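Just below is one structure, and these are the notes that go with it.
In this text the structure is predicted, and so the values were computed from the model without any measurement. Keep in mind that the numbers below use all heavy atoms, side chains included, and drop hydrogens, waters and symmetry copies.
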Amino acid sequence: MNFIFSLLLLTLANAANSTTHYLDWTVSWTHANPDGLKERLVPAINGEWPLPVLRVNRGDRIIANITNDLNEPARNSTIHWHGLFMNGSNDMDGVPFLTQCPGPQNNSYIYNFTVDQPGTYWYHTHIENLYPDGYRQMLLVDDDGAWFEDLVDEEISFTLTDWYDTVTETIFTDSFEVIYNPTGAEPLPNSILFNDTLSPRWEVQSNKTYRLRIANIGAFSGFYFYMPNKTFQIVEVDGIYTEPAEAELIYIATAQRYSLLVNITDDDDVIPMVQIADSSLYDLIPPHLQLNRTGFLYVGNPDESKFEALDNTGIFETAPIWNLTDNSEAAGVTDPLTKDTYTSDNLIWYDDMQLVPYDHEPLLEPVDLNYTLHLTMGLLGNGLPYAFLNDISYTAPKVPTLYSVLSAPSDDVANNATIYGSNTHSLIMEHNQVVQFILNNDDTGKHPFHMHGHAFQCVQRGPDEGQTNFVPYNETADAGDYPTYPMRRDTFVVLPNSHFLIRVRADNPGIWFFHCHIDWHMSQGLALVLVEAPAQIRQNYKVHPISSNQIETCTNVGVSMTGNAANNTNDFFDLSGQNLQYKDLPPGFTARGIVALVFSCICAFIGLGFLCWYGTTDTTEGEAREAERIIENELMTSADAETRDFVNEALHHDQQSYSPGKSNGYVRERSIDSSRGSAGNSSESHI
Ligand SMILES: *[C@@H]1O[C@H](CO)[C@@H](O)[C@H](O)[C@H]1NC(C)=O
Ligand SMILES: *[C@@H]1O[C@H](CO)[C@@H](O)[C@H](O)[C@H]1NC(C)=O
Ligand SMILES: *[C@@H]1O[C@H](CO)[C@@H](O)[C@H](O)[C@H]1NC(C)=O
Ligand SMILES: *[C@@H]1O[C@H](CO)[C@@H](O)[C@H](O)[C@H]1NC(C)=O
Ligand SMILES: *[C@@H]1O[C@H](CO)[C@@H](O)[C@H](O)[C@H]1NC(C)=O
Ligand SMILES: *[C@@H]1O[C@H](CO)[C@@H](O)[C@H](O)[C@H]1NC(C)=O
Ligand SMILES: *[C@@H]1O[C@H](CO)[C@@H](O)[C@H](O)[C@H]1NC(C)=O
Ligand SMILES: *[C@@H]1O[C@H](CO)[C@@H](O)[C@H](O)[C@H]1NC(C)=O
Ligand SMILES: *[C@@H]1O[C@H](CO)[C@@H](O)[C@H](O)[C@H]1NC(C)=O
Ligand SMILES: *[C@@H]1O[C@H](CO)[C@@H](O)[C@H](O)[C@H]1NC(C)=O
Ligand SMILES: *[C@@H]1O[C@H](CO)[C@@H](O)[C@H](O)[C@H]1NC(C)=O
Ligand SMILES: *[C@@H]1O[C@H](CO)[C@@H](O)[C@H](O)[C@H]1NC(C)=O
Ligand SMILES: [Cu+2]
């Protein structure tokens, strides 16, 4: 009761003095070279990149008129306001085929919403393979009512990111989603950036407390962050204020945000802020990739030599953030103080499960609805790598799901998940139900899962189980020890071969994406759709109908606003013609088999041993074609008719897009699931 009441008071207190921010943005391509290694195309807003940092007060309205001028290469456009709940304005959430039609060239889409959450957010396009090109930036919401407001003197806000020197779509089609990458190894960045630059320096004053607001706006990489010899206090994660938590080193996954309070003392002069890439995510560490960056705070006019003395090599050993005890021995390192030991694997990070939200929202109980999700990576029948939740690789419907809800003939029909298609993985949540999700990660990588429309309670997370033994959630072992006030955030990492359990109250009617925020994985279908309180959505839109601007956008892009997932308007239960994932591999032809075969062919050909780079600039088009020929011969001579069809199809498909020489490709042994059922159905249209 108290809890609800204090929330109400806060809302009322912030309703006064709100401002409307009108943004008139045109998005077009420009060139940038933030790492000094290579100039490339980036999306600019009104001609500028890095994009503008948005700063508003809690309670303000944003009206953003976004015009798409992304030609050559042509791209559709949408903007998602990451972390904002969009309560009552689901159509402003910016997800193509969930909440709006993609905005084509020359189209303007108007986002119009109020921001009633404080904290650190970001905005990014939700069009496939586009935000890592640089279509993303911070969105800061200030709040006079923050519990730490009086403790803070100044603020410094910055982003951390990875950076690729090639256009994302090109990497995706040429070297990621290709038959040469059967394990789905993620493309490696060319650089990591500190606030979209290399090593920024910011002046600070002693005897002051600073609030550092940090967002990881990258495509893939997680980052460790620390300041040698300094302890800071975590006070916010993903827009949720926390009880102050002392920490020395945090882990910031893609899409996560932190606010840290740090004291500058009289003894400080040059203070390094160190960003270290989580190299466990990279299958291979290319010799030229610098894995860390240092930004600096400084007091007064320190001599240049002081900055140089505190470069990467000098500072790492001093901070008590390394676990050098047992690991070094296991790794065969005799002297635990050699440089080799200082890899990100041996860092001791603050476990965000220990955080307590400042509002003390109690554990949601009892659970009304319980979904268990099994995450796997594997191949489909075109020989390409995909990602799955319960065997479904998310495939966009023909009609944006929100519009299917609104055009359904009745609430009852809208309440039936069937109409949203069998490949959108739509899960219905009824209004105000407490919904629990158990995510079992049957993969050797980490996955930061993001839920739109909510900050969810992080109730339980299993430990990193390493690379061999998959340990799903186990009621007997894992339940019973849940926190009284679970940490909440909107992006939460599941650890390798492990699991997490989260809970959320379905109090925000809308269509919300739940997906891994590693952009490569999202493009591989690691996503599902929450259809939350469809009857209430329909009620809301009777009061605030879809705007004429949105109808125009759909007309301009040629996407229908009525009907079920298959765009069938007469019979909502007739899904013929719906978009489906590619059909499964032929029976008896296991993913592991093709992995082994493709590996041995490519490795034999290129001759780099068990780890092979098949797409480095050293590989010519001719060599790649030769490798392709060998694979083809091998498969054609050794397999049955069905396999031959499969190979034909796969190679044919791939020849359209494979172009060597631009790739970041590399391979590793990754658990590939070869025992999935068939969510796809070969009698309908495949995309
Ligand atoms: C949005 O911007 C476009 C391009 O500048 C302009 O033509 C259009 O009138 C604007 N729409 C509104 C509602 O201001
Ligand atoms: C924009 O979206 C439409 C509808 O999905 C699609 O047909 C078109 O190819 C997209 N345009 C670009 C440039 O990707
Ligand atoms: C924005 O939304 C508000 C509230 O629904 C409405 O009053 C206003 O007319 C809208 N403005 C624009 C430009 O769409
Ligand atoms: C970080 O970069 C953004 C974009 O260039 C800039 O607006 C912001 O001021 C930078 N942060 C600091 C602390 O200077
Ligand atoms: C900082 O505070 C200390 C202790 O109160 C004081 O001695 C010192 O002069 C202050 N320094 C500055 C720059 O204000
Ligand atoms: C941290 O403290 C140690 C021990 O006092 C010192 O040697 C080192 O230079 C300090 N590092 C930084 C970055 O200030
Ligand atoms: C900063 O200094 C204040 C006042 O001395 C202290 O209460 C607080 O714990 C310090 N914060 C950190 C992060 O060390
Ligand atoms: C930091 O980068 C330097 C240069 O690439 C490298 O030698 C060092 O091992 C890196 N340290 C960590 C902890 O990643
Ligand atoms: C340090 O590493 C060892 C061996 O991997 C592990 O057992 C221990 O829990 C780690 N300590 C910390 C503080 O993470
Ligand atoms: C949804 O509709 C299908 C087809 O009419 C029906 O078989 C199923 O029972 C319905 N599900 C629910 C939950 O009503
Ligand atoms: C949810 O499902 C898991 C297994 O899938 C089961 O262990 C657990 O008991 C269920 N919890 C509830 C509250 O139904
Ligand atoms: C679940 O945990 C219990 C208690 O630790 C253990 O006895 C049981 O074997 C586990 N179940 C499975 C399937 O691993
Ligand atoms: Cu992922």
| task | Starting at CD of Q256, measure out to CG of L160 and round the result to the nearest 0.5 Å. | result | 11.5 Å
| said: Working to the nearest 0.5 angstrom, can you tell me the gap between E169 CD and F176 CZ? | reply: 12.5 Å
| message | With heavy-atom distances below 4.5 Å as the criterion, would you say the side chains of V204 and E154 are in contact? | response | no
| task | Nearest 0.5 Å please: distance from the CD1 atom of I79 over to the CD1 atom of I45. | result | 5.0 Å
| message | Contact between Q205 and D153 at the side-chain level, heavy atoms closer than 4.5 Å - yes or no? | response | no
| message | Strictly below 4.0 Å, N to O, side chains only: are D144 and R58 in salt-bridge contact? | response | no
| query | Any side-chain heavy atom of M138 sitting closer than 4.5 Å to one from S157? | reply | yes
| request: List for me each residue that meets side chain to side chain contact (heavy atoms under 4.5 Å, CB included) alongside A255, sequence neighbours excluded, and say none if there are none. | output: H82, W122, T491, H517
| said: Do Y282 and S221 pair up side chain to side chain, a donor and an acceptor below 3.5 Å, judged on atom types alone? | reply: yes
| Closest non-hydrogen atom pair between A455 and R488, with its separation | O-CD, 3.9 Å
| request: For residues S498 and N441, determine if any side-chain heavy atom of one lies less than 4.5 Å from a side-chain heavy atom of the other. | output: no
| CA sep, side-chain torsions, deciding dist, call: Y131, H80, ring-ring contact (aromatic ring centres under 6.0 Å, His included) | CA-CA 10 Å; Y131 93 73; H80 169 58; 9.9 Å; no
| field | Non-neighbouring partners of D278 that pass side chain to side chain donor-acceptor pair (under 3.5 Å), sequence neighbours left out | value | Y251, S280, K446
| task | Kindly determine whether L297 and Y210 satisfy side-chain contact (heavy atoms from CB on, under 4.5 Å), including the steps that lead there. | result | CA-CA 11 Å; L297 303 178; Y210 284 75; 5.8 Å; no
| What's the verdict on side-chain contact (heavy atoms from CB on, under 4.5 Å) for L41 and D133, showing C-alpha distance, side-chain angles and the deciding distance? | CA-CA 8 Å; L41 280 175; D133 288 331; over 6 Å; no
| note | Applying ring-ring contact (aromatic ring centres under 6.0 Å, His included) to F223 and not counting sequence neighbours gives none
| Taking atom types as modelled, is there a side-chain donor on N263 or T265 under 3.5 Å from an acceptor on the other? | no
| query | Under 6.0 Å between the ring centres of Y121 and Y123? | reply | no
| R136 and D196 ion-paired at < 4.0 Å | yes
| query | Between W520 and Y164, does the ring centre distance come in under 6.0 Å? | reply | yes
| remark: Here the gap from L23 atom CG to L54 atom CG, rounded to the nearest 0.5 Å, amounts to 5.5 Å
| said: Once rounded to the nearest 0.5 Å, what's the spacing between atom CG of L70 and atom OG1 of T26? | reply: 10.0 Å
| request: Compare every heavy atom of W49 with every heavy atom of G134, then report the nearest pair and how far apart it is. | output: O-NE1, 2.9 Å
| request: For F456 and H450, run side-chain contact (heavy atoms from CB on, under 4.5 Å): C-alpha distance rounded to whole Å, both residues' side-chain angles, the deciding distance at 0.1 Å, then the answer. | output: CA-CA 9 Å; F456 47 81; H450 171 47; 6.0 Å; no
| query | What is the ring orientation for H452 with F513, classed by angle as parallel under 30°, tilted 30 to 60°, or perpendicular over 60°? | reply | perpendicular
| Under 3.5 Å side-chain donor-acceptor pair for T120 and E236 | yes
| query | Considering residues at least two apart in sequence or located in another chain, which fulfil the side chain to side chain contact (heavy atoms under 4.5 Å, CB included) criterion with L198? | reply | D35, L193, R293
| said: Counting only heavy atoms from other residues, nucleotides and ligands, does the tally under 6.0 Å from NE2 of H31 exceed 12? | reply: yes
| said: Once ring-ring contact (aromatic ring centres under 6.0 Å, His included) is applied, do any residues pair with F113, and if so which ones, sequence neighbours excluded? | reply: W81
| said: Just so I know, are the side chains of L375 and F449 near enough to count as touching, which here means a heavy-atom distance under 4.5 Å? | reply: yes
| query | More than 12 heavy atoms of other residues, nucleotides or ligands under 6.0 Å from CD of E304: is that the case? | reply | yes
| query | Which pair of heavy atoms, one from N190 and one from L37, lies closest together, and at what distance? | reply | O-CD1, 4.3 Å
| field | Pair N129, S523: side-chain N/O donor-acceptor within cut-off below 3.5 Å | value | yes
| Y258 vs I252 side-chain heavy atoms within contact, under 4.5 Å | yes
| request: Look at the aromatic rings of H521 and H447 and report parallel, tilted or perpendicular, splitting at 30° and 60°. | output: tilted
| task | Compute the ring centroids of H124 and H126, then answer whether they are less than 6.0 Å apart. | result | yes
| So do E203 and Y298 actually touch side chain to side chain, heavy atoms under 4.5 Å? | yes
| message | Rounded to the nearest 0.5 Å, what separates atom CD1 in I276 from atom CD1 in I321? | response | 5.5 Å
| Are R201 and F307 in a cation-pi contact, defined as NZ or CZ under 6.0 Å from the six-membered ring centre and within 45° of the axis? | yes
| Side chain to side chain, I127 and P96, heavy atoms closer than 4.5 Å | yes
| How would you list, by chain and number, every residue that makes a side chain to side chain donor-acceptor pair (under 3.5 Å) with Q524, sequence neighbours excluded? | none
| Stepwise side-chain contact (heavy atoms from CB on, under 4.5 Å) check, R213 with S259 | CA-CA 4 Å; R213 299 170 90 170; S259 279; 3.6 Å; yes
